[in-house]
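So the structure is just underneath, and the comments pick up after that.
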Amino acid sequence: MINITFPDGAVRQYEQGSTAMDIAKKISEGLARKTLAAQVNGEVWDLSRPIKNDATIQFLTWDDEKGKSTFWHSSAHLMAEAVEDVFPGVKFWVGPPVEKGFYYDMDLGENIITESDLEKLEKKMNELSKQNNSFTRKEISKADAIKYFTEKGDEYKLDLLSNLEDGNITFYTQGNFTDLCRGPHIPSTGLIKGIKLTGISGAYWKGDEKNKMLTRIYGVTFPNQKELDEYLIFLEEAKKRDHRKLGKELGIYTMDDDVGPGLVLWMPNGTIIIEELEKLAKETELEAGYKRVVTPHIAKENLYLTSGHLPYYQESMYPPMELEGVKYYLKAMNCPHHHKIFAAQQHSYKDLPLRLAEYGTCYRYEQSGELFGLMRVRCLHMNDAHIYCTKEQFASEFRAVNDMYIKYFKIFGIEKYVMRLSLHDPKKLGQKYVNEPELWIETEAMVRQVMKDANIPFVEVPDEAAFYGPKIDVQIWSAIGKEFTLATNQVDFAQGRRFGLEFKNQNNEMETPLIIHRAPLGTHERFIGFLLEHYAGKFPLWLSPVQVKILPISDKFLSYAENILSQLKNNDIRAEIDERSEKIGKKIRETELAKVPLMLIIGEKEMNESKVSVRRQGKGDEGTKTAEEFIEMVKEEVKNKTQIN
RNA sequence: GCCAGUGUAGCUCAGUUGGCCAGAGCAGCUGAUUUGUAAUCAGCUGGUCGGGGGUUCGAAUCCCUCCACUGGCUCCA
């Protein structure tokens, strides 16, 4: 007999060699039915694997992340079985679960797969699911495994095998499909019911663009059709908040073939949002002791050689224009210009920290396939600033920047984000990162400490730092699930030296300042793209391009409406009148769809009482007010940056 | 940049296996209507079918090429 310990601490005895499924069945049929895998001594196991010694056990279901991953991993195998049926001779690489579903990379040889094949594959998967084949695990010697895949002529699996140790290799089989796989898997294919293959794409073998491109099929599955249907509806809803769709509908921005890909034309509505954001940034930075500067959009090659950017980033800069034998580049970053402003005057430690801020325009020649609406563009306006400080000042300055982030996020109601401490990779010193091993370790420790002291949750990620130092990136997700860096806060111990920046310290010695690069509001492009999705186009009053729409019931009330309009304008409220002789219902409908937050309905009653009827977008009639009361309400809401919804 | 797909009016989309002057709804314009909390009625305008080249008696439809976009990969200061 063996002792099995359950998550609640209970210990029960079972026969040696009992499987997790045996144990689940003894507890209840219901549990056995919905259990997908089991965590045995902390490791996820198949339910059918015999447990030979005392162990702790936890049953994993669809509701556990690990249960879901197992389910999706098994779904990838089911898909592979279907693919092998439709495309005989296909060779598989790897098929892992991902955040929402799974994929499998494969080499289809001469075959080309199209969208219509996906339906065929889904159908086949459903058939195979109905067969309810078990996933069976088999331990196999490395020699036998190599023999199996050599006979199959599968160089991909042989490549995988070459990195595995003998005695640690397992095959999994379901139906007619056998795969090299560590497992674990769910008991049988019949559990996989709601099946949707979501896309086909190319993916470089081992993620290296020098390698052959394999075909990747993405899919998602659920334990029942209902959950799949709900997920598909959710996807449809997500598409409605896609910033590219909303940006067009709301007249925020446009792009044009003749202007160029990734070059945003901000329309009047978008420009109002830009101006409000800049106003916020200027007020906030002024209060935090920043000074504003303005710098040109181009600079000579030499500047970027000094900064060290050119060798690292030449490929993503627009090609230089040559004038009188001198190369000029469009700036891809503002830092070198700001450093030159620092260098233009002599500095004492008493001047520090010096904080230079600019909404700087940068140009980056991103690869064509990387462009994505407002989120990834080639001309961007960065909420940039550089803080030059002493080592002693660093912690409090870095902390103050983080506080500014948090303050902004509160204003915008941004809650779903991850702070990421991006570290260097010691193996890439001298290539991707400046070769200063001690400074890397020292500054990374400083940043980590600031984050811990401020009690800000963060994750550490190696090999993501800037070439001149570690950074904190704020990661967010677009409506359709793409991940982006919204804002960044970087340490720079390298450029100060490269530019020969100095200040005189208390001991009358020259010292190089540390530099903090920060962009809490990221770029206008990405930030507004994010806000569009975050608010689903319903901007809070202070950001709304049109704050109030006045809707006269008939032409007879136009002059009263104009009177109200001029009162609103005198109070800096962005308002318009819908002067058309349309029915009030139509005017309301269109204003609602345009997501204008406030409507004033004006007819005979209002005119006689010298009042306005207030209607709030998405909320409906809010009764009457005098113009003064209404203006007061709007001003208060704008001042407080109130978010309704 | 790579793999796959898409590109028809300002917008959303129809256009069967190549075959009469390429269609609809919304928007726009003109007129009528003077309206009370999510679509008033009528008429009209509007299209190099992404660009270029080719096959054909004939191309939006088939082929080539370029461009842009979409989904991924790679990348992301």
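Any value given below was found using the heavy atoms of this structure, including those in side chains, with hydrogens, waters and symmetry copies removed.
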Taking a pair as Watson-Crick or G-U wobble with both distances under 3.5 Å, which nucleotide is matched to B/rA42?
B/rU30
Who pairs with B/rG36 - Watson-Crick or G-U, where each distance is under 3.5 Å
none
If you look at every strand shown and take non-hydrogen atoms under 4.0 Å, does A/Tyr468 touch a base, only sugar-phosphate, or nothing?
sugar-phosphate
Can a side chain N or O of A/Lys482 be found less than 4.0 Å away from OP1 or OP2 on B/rG72?
yes
Base, sugar-phosphate alone, or nothing: which one does A/Thr198 contact when heavy atoms must sit under 4.0 Å apart?
nothing
Closest approach to the side chain of A/Ser581, judged atom by atom: which nucleotide of B/rU35, B/rG36, B/rA77 is it?
B/rU35
With a non-hydrogen cut-off below 4.0 angstrom, is A/Asp555 in contact with a base, only sugar-phosphate, or nothing?
base
Under 4.0 Å: is that the gap between some side-chain N or O of A/Lys471 and OP1 or OP2 of B/rA77?
yes
Between B/rG1, B/rA68, B/rA38, which nucleotide has the shortest distance from any of its atoms to the side chain of A/Gln367?
B/rG1
For B/rG25, what is the paired nucleotide under Watson-Crick or G-U wobble rules, both distances under 3.5 Å?
B/rC11
Under 3.5 Å for both donor-acceptor distances, Watson-Crick or wobble: does B/rA4 have a partner, and if so which one?
B/rU70
Tell me whether the OP1 or OP2 atom of B/rA27 has a side-chain N or O from A/Lys586 closer than 4.0 Å.
yes
Is A/Gly620 touching bases, backbone alone, or none of the nucleic acid, heavy atoms closer than 4.0 Å?
nothing
B/rU70 P sits how many Å from A/Phe372 CZ, rounded?
7 Å
What does A/Gln490 touch in the nucleic acid at a heavy-atom separation under 4.0 angstrom: a base, only the sugar-phosphate, or nothing?
sugar-phosphate
Name the pairing partner of B/rG58, where a pair is Watson-Crick or G-U wobble with both distances under 3.5 Å, or state none.
none
Under 4.0 Å from OP1 or OP2 of B/rG71: is there any side-chain N or O of A/Arg244 that close?
yes
With centres under 5.5 Å and planes under 30°, do A/Tyr313 and B/rA77 count as stacked?
yes
With a 4.0 Å cut-off on heavy atoms, is A/Glu604 in touch with a base, just the backbone sugar-phosphate, or nothing at all?
base
Among the nucleotides B/rA77, B/rU37, B/rU74, whichever has the atom closest to the side chain of A/Arg364 is B/rA77
Phosphate OP1/OP2 of B/rC3: any A/Ser201 side-chain N/O under 4.0 Å:
no
Base, sugar-phosphate alone, or nothing: which one does A/Lys210 contact when heavy atoms must sit under 4.0 Å apart?
nothing
For the side chain of A/Lys556, starting at C-beta, report the closest nucleotide among B/rA38, B/rU40, B/rU35.
B/rU35
What contact category does A/Gly585 fall into here, base, sugar-phosphate, or nothing, at under 4.0 angstrom with non-hydrogen atoms?
sugar-phosphate
Kindly give the heavy-atom pair with the smallest separation between A/Pro311 and A/Tyr304, and that separation in Å.
CD-O, 4.4 Å
Quiz question: going by heavy-atom distance under 3.5 Å, is there a donor-acceptor pair between the base of B/rG1 and the side chain of A/Tyr365?
no
Do A/Arg376 side-chain and B/rC75 base share a donor-acceptor contact under 3.5 Å?
yes
Is A/Glu436 paired with A/Arg497 through a side-chain N to carboxylate O contact shorter than 4.0 Å?
yes
Per A/Arg580 side chain, nearest of listed nucleotides B/rC73, B/rA77, B/rG28
B/rG28
Grab the two heavy atoms, one from A/Glu464 and one from A/Tyr433, that are nearest each other, plus how far apart they are.
N-OH, 3.5 Å
Take the angle between the ring planes of A/His517 and A/His339 and call it parallel below 30°, perpendicular above 60°, tilted in between.
perpendicular
Name the nucleic acid region contacted by A/Tyr363, choosing base, sugar-phosphate or nothing; use a 4.0 angstrom heavy-atom cut-off, strictly under.
nothing
Within 45° cone and under 6.0 Å: A/Lys196 NZ/CZ vs A/Tyr231 ring
no
Classify A/Ile553 by what it touches in the nucleic acid, base, sugar-phosphate, or nothing, heavy-atom distance under 4.0 Å.
base
At 4.0 Å (heavy atoms only), tell me whether A/Glu464 reaches a base, stays on the sugar-phosphate, or touches nothing.
nothing
Between A/Phe102 and A/Val220, the two heavy atoms sitting closest are CE2-N, 3.7 Å
Is any side-chain N or O of A/Glu606 under 3.5 Å from a base N or O of B/rG36, one able to act as donor and the other as acceptor?
yes
Between A/Lys549 and A/Glu576, is the closest basic N to carboxylate O distance under 4.0 Å?
yes
Would you indicate whether A/Glu99, at its atom CD, is surrounded by more than 12 heavy atoms from other residues, nucleotides or ligands within a distance under 6.0 Å?
no
Regarding A/Tyr218, tell me which of base, sugar-phosphate or nothing describes its non-hydrogen contacts under 4.0 Å with the strands shown.
sugar-phosphate
Per A/Arg615 side chain, nearest of listed nucleotides B/rC2, B/rU40, B/rU37:
B/rU37
Reckon A/Thr591 touches a base, only the sugar-phosphate, or nothing at all at heavy-atom distances under 4.0 Å?
nothing
